[in-house]
Amino acid sequence: MRLIGIDAPETRNLGVKVRKEYFGTEAKIFVTQLLKNKKVKLTFDVQKTDRYGRVLAYVYLENGVFLNQYLVENGFAVVSTFPPNVKFVEVFTKAEKSARNKKLGLWKMN
C-alpha cells in the first residue's frame with residue numbers, strides 16, 4: 001500500500017543502490033507506534049492502484065485523524081502528488097509549509 005500525496009523517508013531501498021534516507025528511522029518508528037494494533041479506514045482518489053499494483057489510499061485513524069496529513073504536518077513526510085490523485089494537494093502543501101516553519105521532524109536540520 002502507498003499513502004496518496006506524500007512521501008516519507010525510507011529506511012531501506014530495494015533498488016540497485018541501497019541507502020538509508022535522512023530521518024527514515026525516526027519516521028518508521030513514529031508510524032509503527034502510531035498504527036500498532038489500530039484499525040484504520042481507507043479512502044481513495046481517482047486511481048485505486050499504481051502501476052506496481054500497490055493500493056493507493058488516504059488513511060484515517062479510528063479517532064478521525066487523517067494520517068497522510070498528520071505525517072506531513074509533523075515533519076515525517078513531504079508532499080509528493082501524482083495526477084490524477086491530487087484531491088488533498090493544497091492540504092498537504094499547507095501542512096508541509098507549517099512543519100518547515102516550525103522545524104518539525106525532518107525539517108529540524110534545515
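Within 6.0 Å of atom NZ in Lys38, more than 12 heavy atoms from other residues, nucleotides or ligands are found, so the atom counts as buried in its surroundings. At most 12 non-hydrogen atoms from other residues, nucleotides or ligands lie less than 6.0 angstrom from CG of Asn37.
Atom CG in Leu106 sits 11.0 Å away from atom CG in Asn74 (nearest 0.5 Å). Within the model, atoms CZ of Arg2 and OG of Ser80 stand 6.0 Å from one another, a figure rounded to the nearest 0.5 Å.
Side chains of Tyr70 and Leu61 form no contact here, defined as non-hydrogen atoms less than 4.5 Å apart. Counting heavy atoms from C-beta on, the side chains of Leu67 and Leu34 come closer than 4.5 Å. Lys87 has its side chain out of reach of Ile4: every pair of non-hydrogen atoms, C-beta onward, lies at least 4.5 Å apart. Here the side chains of Lys97 and Thr93 are not in contact, with every heavy-atom distance at 4.5 Å or above. Taking the side chain as every heavy atom from C-beta outward, Ile6 and Val78 never approach each other to under 4.5 Å.
In this structure, Leu104 is not a member of the same hydrophobic cluster as Val91, with clusters built from ILVMFWY side-chain heavy atoms closer than 4.5 Å. Linking ILVMFWY residues whenever their side-chain heavy atoms come closer than 4.5 Å, directly or via other members, places Leu71 and Leu35 in the same cluster. In this structure, Phe82 is not a member of the same hydrophobic cluster as Val55, with clusters built from ILVMFWY side-chain heavy atoms closer than 4.5 Å. At a threshold of 4.5 Å between side-chain heavy atoms, the hydrophobic network of Ile, Leu, Val, Met, Phe, Trp and Tyr places Phe88 and Phe44 in one connected group. Tyr58 and Val86 fall into different hydrophobic clusters, where Ile, Leu, Val, Met, Phe, Trp and Tyr residues are linked whenever their side-chain heavy atoms come under 4.5 Å apart, directly or through other members.
Under the 4.0 Å criterion applied to side-chain N and carboxylate O atoms, Arg100 and Glu96 are assigned as salt-bridge partners.
Asn68 places no side-chain N or O within donor-acceptor distance of the main-chain N or O of Leu3, the cut-off being under 3.5 Å. In this structure, the side chain of Asn85 engages the main chain of Val46 through a donor-acceptor pair within 3.5 Å.
Here the shortest heavy-atom pairing between Ala57 and Met1 reads CB-SD, 4.1 Å. Counting all heavy atoms, side chain and backbone alike, Glu73 lies closest to Ala99 at O-CB, 3.6 Å.
The ring pair (Phe, Tyr, Trp, His ring centres under 6.0 Å) check on Phe76 picks up Phe23, Phe30, with sequence neighbours excluded.
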